[in-house]
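Predicted model only: the values in this text are computed from it and were never measured.
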Amino acid sequence: MELKAMYPYAAVLAVLLCSSVNFIQSPTDVLGPVALLEPTPSSARDFGAVVSDAPFAVMQPDSPDDIALLLGALSSTAPSPRATVAAVGAGHSLHGQAQARDGIVLETRALPRDVHVVSARAHGGDDDATVRAYADVGAGALWVEVLEECLKLGLAPPSWTDYLYLTVGGTLSNGGISGQTFKHGPQISNVLQLEVVTGKGEVVTCSPTEIPELFFAVLGGLGQFGIITRARIPLQLAPPKVRWVRAFYDSFETFTGDQELLVSMPEQVDYVEGFMVLNEQSLHSSSVAFPAQLNFSPDFGSKGRKKVYYCIEFAVHDFQQDGSRADRVVELVSAKLSYLRPHVYSVEVSYFDFLNRVRMEEESLRSRGLWDVPHPWLNVFVPKHGITQFKGLLMDTVSADDFEGPILVYPLLTDKALRCDVNSVGKRGAGWDGNTSAVVPAAPGGVMYIFGVLRSTDPARCGRACVDSIMAQHHRIADEACGDGGGGGRGIGAKQYLARQPSPARWRDHFGAGWGRFAARKARFDPLHVLGPGQGIFPRTDSAGWNKSTLTPLKVT
């Protein structure tokens, strides 16, 4: 197969021709052999499939130095129309955040994806005796690749996402949450060191103690300050297997009350999530990966009088050969819960299969033609005091009869995390570090919930107008929930997660009191606003104005 490539020296020449700067070096002296490729349809598409902004070119860097050459050149000229750059990993953005209209999409999966594990074991025979263990990981590596390499030494990162086929750099640029977050904090609270190429083209190694402003800026920074190229992730001992439990409820208050009881027991419980059960299809699809027979046949009611059920799932790590300790913990914990008797189900699975459980759900959706379809998702962090209000707001827009996909509901802790270091891995540091760029709501009591409305739309039943209508509903929900109620609405101070705000003004509202710090970081690390155009946070001169006419595609075999 032949690819057409445009040599970057020509690209930079085109940019410079639009500038008043006198450039005394030849472009080849600046960029060397780095090549830009012609875009493909996939470079203007993401998992959300609701936004499609085509770039002018694609870059597949061999090293961080390649990225530095490109960003350095784009940031070294006087203000004028120029190309913007968006980094994309596995392509799982939802609203075009990793796209760059008429700019350059930089594919981080092209970077080295090696996973180098460093482990020193302390003596004493304690199960938690592994110390100073970490993995140095290429940011283009998938989390499943990190898991596979670490498990070879009986180790694993403490904090995960539900879906493992995402890149390390991608989740660290957003947050990275799952059922372990209550215990270990999000993935951005579990990083020891980063290698970053700033918007000015500087390759920088940073940590909480070395250039901390950049380190914390890029964590949850939405790709605005630099492109993460490597990460050092702390590790802990990995259990061989997991005892995985599901329990069903018919009361939202009882469901959330039991979830909060579970997250108050981090010494016994290792994972807590939950979801709404809207219909038979919802029950079936959520059980694809759970390898136990569920003798649960609820009455969902009739049209107009639909009944909603809820499911808690929690897990206990099992380090013992016979599983006796995990079984005892599950028995003791389950006895404290107020689920619908007798509907609690428990199964033993390998640690890998448990963490990779969503892969089976993906395969099921692919088999039904519901994977490569529009995903108008809505993810919102809701303070504990507003969860009943938010559920009512959400259910006003959801038709339980034909909703396709899970609605996740589970608690997270917003307390400030303990500083992550290799000697504290496995100790509780459950919150969100306020130094990072991630935004979470003010939550009196330190508890918030994630509501994840993860809808798949069948093109045969829901065309573009239908998808647009769903997105409009989600915007209305977010508008009402994310306000403070001062306008007489039901505003509860929620914050969206993984969303693209509709305007820079709305981004300022989203960041609230943190906007000044976020803008100052942008001015320091990407002053010409080259990075992350798809987020729509910082307006800049339209990159469509930069002169592309001098670029001549060349065939590269």
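Between E362 and R366 there is a salt bridge, since at least one side-chain N of the basic residue sits less than 4.0 Å from a carboxylate O of the acidic one. A salt bridge between K307 and D299 is absent, with no side-chain N of the basic residue lying under 4.0 Å from a carboxylate O of the acidic one.
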With side chain to side chain donor-acceptor pair (under 3.5 Å) as the criterion, how do S350 and D353 come out once you've worked through the C-alpha distance, each side chain's angles and the decisive distance to 0.1 Å? CA-CA 5 Å; S350 73; D353 287 345; 3.2 Å; yes
What's the verdict on side chain to side chain contact (heavy atoms under 4.5 Å, CB included) for V467 and V50, showing C-alpha distance, side-chain angles and the deciding distance? CA-CA 8 Å; V467 172; V50 295; 3.7 Å; yes
Determine, stepwise, if the pair Y249 / D258 fulfils side chain to side chain donor-acceptor pair (under 3.5 Å). CA-CA 10 Å; Y249 296 76; D258 275 2; 2.6 Å; yes
Could you go through the ring pair (Phe, Tyr, Trp, His ring centres under 6.0 Å) check for Y310 and F255 one step at a time? CA-CA 7 Å; Y310 310 91; F255 163 70; 5.2 Å; yes
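Every pair passing salt bridge (charged side-chain N to carboxylate O under 4.0 Å, His left out) that includes a residue from residues 503-515 is listed here, sequence neighbours excluded: D479-R506. Sorted by first and then second residue, the ring pair (Phe, Tyr, Trp, His ring centres under 6.0 Å) pairs involving residues 444-471 (not counting sequence neighbours) are F390-F451. Annotation: side chain to side chain donor-acceptor pair (under 3.5 Å) contacts involving residues 492-502, sequence neighbours excluded, comprise Q496-Q501. Applying the salt bridge (charged side-chain N to carboxylate O under 4.0 Å, His left out) definition to pairs two or more places apart or across chains, those involving residues 376-391 are E260-K384. Here salt bridge (charged side-chain N to carboxylate O under 4.0 Å, His left out) pairs that include residues 336-347, with residues two or more places apart or in two chains, number zero. For the salt bridge (charged side-chain N to carboxylate O under 4.0 Å, His left out) condition, the pairs that include at least one residue of residues 160-178, sequence neighbours left out, are D162-R357.
Every side-chain contact (heavy atoms from CB on, under 4.5 Å) that V333 has, sequence neighbours left out, goes to L262, M265, Q268, V269, F314, V329. Under the ring-ring contact (aromatic ring centres under 6.0 Å, His included) criterion, H343 pairs with F296, sequence neighbours left out. Here F290 pairs with W244 under the ring-ring contact (aromatic ring centres under 6.0 Å, His included) rule; sequence neighbours left out. With sequence neighbours excluded, the residues forming a ring-ring contact (aromatic ring centres under 6.0 Å, His included) with F225 are F518, listed by chain and number. For Y163, the ring-ring contact (aromatic ring centres under 6.0 Å, His included) test picks out H92, Y165, W371, with sequence neighbours left out. In this view, R109 and R113, L142, E145, T167 satisfy the side-chain contact (heavy atoms from CB on, under 4.5 Å) rule, not counting sequence neighbours.
Taking each heavy atom of Q97 and L498 in turn, the nearest pair found is NE2-O, 3.1 Å. Nearest heavy atom pair, residue V263 against residue P411, reads CG1-CG, 3.7 Å. Taking each heavy atom of V191 and L194 in turn, the nearest pair found is CG1-CD2, 3.7 Å. Contact detail for L294 and F248: the closest heavy-atom pair is CD1-CZ, 4.1 Å. The nearest pair of heavy atoms linking S437 to A217 is OG-O, 2.7 Å. Of all heavy-atom pairs spanning A98 and A87, the tightest one is CB-O, 3.6 Å.
For the pair P157 and V146, the minimum side-chain heavy-atom distance is below 4.5 Å.
Using a distance-only test at 3.5 Å, with no hydrogens or angles considered, a donor-acceptor pair links the side chain of S43 to the main chain of T40. No side-chain donor-acceptor contact under 3.5 Å links N379 to the backbone of G452. With hydrogens and angles ignored, the 3.5 Å screen pairs a side-chain donor or acceptor of N279 with a backbone N or O of A400. Looking at S469, its side chain never comes within 3.5 Å of a backbone N or O of A465 through a donor-acceptor pair. Put simply, the side chain of H375 gets close to the backbone of V373: a donor and an acceptor are under 3.5 Å apart. The backbone N or O of L531 lies less than 3.5 Å from a partner atom in the side chain of D526, making a donor-acceptor pair. One N or O on the side chain of Q224 and one on the backbone of L222 form a donor-acceptor pair closer than 3.5 Å.
Aromatic ring centres of W515 and F538: separated by under 6.0 Å.
Here the CD-CG distance, from E480 to L394, works out to 12.0 Å after rounding to the nearest 0.5 Å.
Inspection of the E361 and S285 side chains reveals no N or O donor paired with an N or O acceptor under 3.5 Å. Checking W143 against T171 by side-chain atom types alone, a donor-acceptor pair falls below 3.5 Å. In summary, the side chains of E313 and Y271 do present a donor paired with an acceptor at a separation below 3.5 Å, with no hydrogens or angles considered.
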